[in-house]
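Take a look at the structure below.
Reminder, nothing fancy here: chain letters follow the sequence lines and each chain counts from 1.
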Number of protein chains: 2
Amino acid sequence: MENTKKTTIHDIAEKLNVTASTVSRALNGNPRISDTTRKAVLKTARELNYEPNQIASALRSGRTQLIGMLVPTINRAFFSSIIRGVEEVANSLDYRVIVSQSNEVFDNEENAVKAFLNARVDGIIASIGKNTQQFDHYEQVLERGLPLVLFDRTTPNLQTSQVVIDDYQGAYLATSHLIEQGCTRIAHFTTERKIDIYKERYRGYVNALEDHGIERDETLIFSGNLQLEDGRSHAQDLLNSGADFDAIFSASDYAAMGAMQVLKEKGLKIPEDVALVGFLNEPFTSFTDPPLTSVNQFPIEMGHTAANLFFNALNSEKKEIVPKKTVLQPELIVRASSLKKKS
Amino acid sequence: MENTKKTTIHDIAEKLNVTASTVSRALNGNPRISDTTRKAVLKTARELNYEPNQIASALRSGRTQLIGMLVPTINRAFFSSIIRGVEEVANSLDYRVIVSQSNEVFDNEENAVKAFLNARVDGIIASIGKNTQQFDHYEQVLERGLPLVLFDRTTPNLQTSQVVIDDYQGAYLATSHLIEQGCTRIAHFTTERKIDIYKERYRGYVNALEDHGIERDETLIFSGNLQLEDGRSHAQDLLNSGADFDAIFSASDYAAMGAMQVLKEKGLKIPEDVALVGFLNEPFTSFTDPPLTSVNQFPIEMGHTAANLFFNALNSEKKEIVPKKTVLQPELIVRASSLKKKS
DNA sequence: ATTATTTATGCAATCGATTGCACAAACAAA
DNA sequence: TTTGTTTGTGCAATCGATTGCATAAATAAT
């Protein structure tokens, strides 16, 4: 402990001949403290370079001003932007954000939540792992009366606030846009995964077709992991099958990108021969050639919303935690990859 | 407090008719505790579902197991990957990472560091803001005897460990590669900013030219903010100037991308007419057409290294904190944008 | 058998701030 | 003047775990 001895409320108290209680109250704006005393305390605190020890405060008050934030992968634009959004709101309210990543591994997810609880966070904001089927660790959070907000990857199994974007609407917009551009044979890349968001995108695709009187063709629907390679192989399969198609709506930008590569390699023109739309508005979409039309999910705003829901829950009477589900509206970002009609 | 009452070491102690001290020691593997007692404690702890209260522990021991991590921008691939790297090491050692972003604003940086100190983090890993000229807030960290590790954006003004990549070497590799591809009139996009990393890249560029007997031409050097738009306008200027050039080495991928757009718009072929190399290996570089050659800085590994330096400092005798500077070697990722010679 | 040493545990203070309850002083009401 | 309120502080317990020092019991050394 060769650190310069930190000043505590006791030092301030001693100097002013009052007790630590008084100092504590003065610093916290308790109305029972006289103006004179309050000012003296604040002045002395400044003079002594006092900095509150949040750990001591946390132990006694039970509030750490920490939010545990769990994401599958920190270094993916979508998630890092959400973290950014949460951090912005949290910081402005003097809360700090602890981040952990699950890497889609259930054990990691469970451990992270436990670690958060041990660190005595005031609550958790999380996106559920792809393979998570069991939610005991989250139940524990709720049982302790802590706010829990789920974003993007949510589950109906937990009675808690969540924020998602309207994947159905995003897919509907994307598909409708392609139809408006004159496409009628629209392929779709999706995944088998049992995650709602992909089901919703699929539903939006199908409904848009139906609403425009276009029959769904199962041979145009491909299921995989939605990575670049999947997009490439789906495109290959499409071409090999000899199927008639004039557009692809991919539930992921990466798969769309894979398709773009293959199509270009085969000498096909985008969007003239095949129009392309992706999903997520990854940063790279504006840099492809042609730039890729995609669906923006406003991740930073999603982070803001998640944080707001969190603080709502935190400040509400514990008795009546009314789980609130917020659905954000996505936006179709139209770029050259889907613009057949030059307007 | 309707939360299920958490079990404490006192509950365990009571049940076993020992004291809390014994329980604490047993849980912490203190050798002065008998095997019998230790086992009984561990068993009871499990039965009662005991979870240590890290806040209480932190208050007493002075160790919070928290690392404060400060980055300019969370949602940029380079930084989020570094966060990821740090998080991986930290988590494996049972430490948690609190992230804050400065957005390159000095006040934010200062406040974040103060907030970290108030939260009593065990140390800080940070990248300095572009405009930061004053380092008092970091000095405070060192004065308190806390480990401070700087990464990427560092400063010689602080006596502390740092990890950077060899920007000089990266630029040297990039420029040499262009020369090997037969380029002799290589433009360079850089910035006026007083940050070492860009100076180093500039130096690498110049030295590579010299070493290959190519004279530097000031009319081929452009300075700006290295964003997409800067790249575009530099490229425009290059073309308008009528200067003779057959390659561009940009100190940033974004500016390189801007140049690629403009060059393609003007009907120039890449790499045949102009070869292009960027810097940072942004995720989008593999998706451009042609894919952009760039310099990989291994951000995740940089995160690992930063974390390792951090724990070294944390575990070393406070007396002898030997600041250590680690220089990582970058790698040139050769893609089509610079491959004139098809090998 | 006596003393010295080791082993295992307890005692009580401590980390620094918060907070319910008590209470003196000052002021208002009767 | 007496009683009732309000105002401003103090007292002391508390949050839960850690740790230096003391000590009883068990074992080893003489």
Side-chain angles (χ1 to χ4, degrees), chain A residues 1 3-42 44-45 48-66 94 117-122 144, chain B residues 1 3-42 44-45 48-66 94 117-122 144:
Chain A
M1 284 283 167
N3 329 1
T4 326
K5 202 72 173 176
K6 287 292 297 176
T7 56
T8 72
I9 52 171
H10 293 98
D11 302 326
I12 301 177
E14 195 173 8
K15 189 146 188 185
L16 293 175
N17 266 318
V18 294
T19 61
S21 330
T22 303
V23 174
S24 172
R25 293 194 179 100
L27 291 171
N28 290 316
N30 186 310
R32 300 188 70 79
I33 297 295
S34 74
D35 245 36
T36 334
T37 312
R38 184 191 323 287
K39 277 175 188 154
V41 167
L42 292 176
T44 313
L48 297 183
N49 226 327
Y50 170 75
E51 299 283 354
N53 184 326
Q54 289 194 169
I55 296 299
S57 168
L59 177 58
R60 179 60 228 248
S61 68
R63 280 169 270 112
T64 53
Q65 311 270 104
L66 292 175
D94 249 302
L117 291 179
N118 287 169
R120 293 303 193 268
V121 297
D122 287 346
R144 286 218 204 157
Chain B
M1 284 283 167
N3 330 1
T4 325
K5 203 70 172 177
K6 287 292 295 175
T7 56
T8 73
I9 52 171
H10 294 97
D11 302 325
I12 301 177
E14 196 173 7
K15 191 145 187 184
L16 294 176
N17 267 318
V18 295
T19 60
S21 330
T22 304
V23 175
S24 172
R25 292 194 179 101
L27 292 171
N28 290 316
N30 186 312
R32 302 188 69 78
I33 297 295
S34 73
D35 245 35
T36 334
T37 312
R38 184 192 323 288
K39 276 175 188 154
V41 167
L42 292 176
T44 313
L48 297 183
N49 226 325
Y50 170 76
E51 298 285 353
N53 184 327
Q54 289 195 170
I55 296 299
S57 167
L59 177 59
R60 178 62 228 247
S61 69
R63 281 171 269 112
T64 53
Q65 310 271 105
L66 292 176
D94 248 300
L117 291 179
N118 287 169
R120 292 306 193 267
V121 296
D122 287 346
R144 288 217 205 159

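Contacts of A:Asp35 with the nucleic acid, taken as non-hydrogen atoms under 4.0 Å apart, are absent. Contacts of B:Val23 with the nucleic acid, taken as non-hydrogen atoms under 4.0 Å apart, are absent. Counting non-hydrogen atoms under 4.0 angstrom, B:Asn30 reaches nothing in the nucleic acid.
Relative to the side chain of B:Tyr50, the nucleotides D:dA17, D:dT9, C:dA17 differ in distance, and D:dA17 lies closest. In this structure, the nucleotide among D:dG16, D:dA17, C:dA17 sitting nearest to the side chain of A:Arg60 is C:dA17. Side-chain proximity of A:Ser24 to the nucleotides C:dG10, D:dG10, C:dA17 is greatest for C:dA17.
One atom, NZ of B:Lys6, and another, C1' of D:dG16, lie 12 Å apart when rounded to the nearest Å. D:dG16 atom P lies 13 Å from atom CD1 of B:Ile12, rounded to whole Å. As rounded to whole Å, 16 Å separates atom P of C:dA12 from atom CD1 of B:Ile9. Protein atom CD of A:Gln65 is 15 Å distant from nucleotide atom P of C:dA17, rounded to whole Å. Nucleotide D:dA13 holds its P atom 17 Å from the CG atom of A:Leu59, rounded to whole Å. In this structure, A:Ile55 atom CD1 and D:dA17 atom P are separated by 14 Å, rounded to whole Å. In this structure, CG of B:Leu27 is placed 13 Å from P of D:dT19, rounded to the nearest angstrom. Computed from coordinates, the A:Glu14 CD to C:dA17 P distance equals 14 Å when rounded to whole Å.
Looking at B:Lys15 and B:Leu48, their side chains come closer than 4.5 Å, going by heavy atoms from C-beta outward. Contact check for A:Glu51 versus B:Leu117: no side-chain heavy atoms found under the 4.5 Å cut-off. Between A:Thr19 and A:Val23 the shortest side-chain heavy-atom distance does not fall below 4.5 Å.
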- Task: Report the C-alpha distance between A:Ser34 and A:Thr37 in whole Å, list the side-chain angles of each, state the deciding distance to 0.1 Å, and finish with yes or no for side-chain hydrogen bond (donor to acceptor under 3.5 Å, both in side chains).
- Result: CA-CA 5 Å; A:Ser34 74; A:Thr37 312; 2.7 Å; yes

- Task: Determine, stepwise, if the pair B:Asn28 / B:Ser24 fulfils side-chain contact (heavy atoms from CB on, under 4.5 Å).
- Result: CA-CA 6 Å; B:Asn28 290 316; B:Ser24 172; 3.5 Å; yes

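Put simply, A:Ser61 has no side-chain N or O that comes within less than 4.0 Å of OP1 or OP2 on C:dA17. Between B:Thr22 and C:dG10 there is a side-chain N or O to OP1 or OP2 distance below 4.0 Å. Note on A:Ser57: a side-chain N or O is less than 4.0 Å away from OP1 or OP2 of C:dT18. Contact check, A:Arg63 against D:dC15: no side-chain N or O comes under 4.0 Å of OP1 or OP2. Listed pair B:Asn28 / D:dT18 meets the phosphate criterion, a side-chain N or O lying under 4.0 Å from OP1 or OP2. The phosphate of D:dT9 has OP1 or OP2 within less than 4.0 Å of a side-chain N or O from A:Thr37. Not one side-chain nitrogen or oxygen of A:Ser34 sits closer than 4.0 Å to the OP1 or OP2 atom of D:dG8.
For the residue pair A:Asn118 and B:Gln54, no side-chain donor N or O sits within less than 3.5 Å of a side-chain acceptor on the partner.
A salt bridge is defined here as a Lys NZ or Arg NE, NH1 or NH2 lying under 4.0 Å from an Asp or Glu carboxylate O, and B:Asp35 with B:Lys39 meets this definition.
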Strictly under 3.5 Å: I want the nitrogen or oxygen pairs between protein and nucleotides 20-26 of chain C, one per line.
residue: C:dG20; atom: O6; partner: A:Arg25; partner atom: NH2; Å: 2.5

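Residue B:Arg32 holds its CZ atom at 11.5 Å from OG1 of B:Thr22, rounded to the nearest 0.5 Å.
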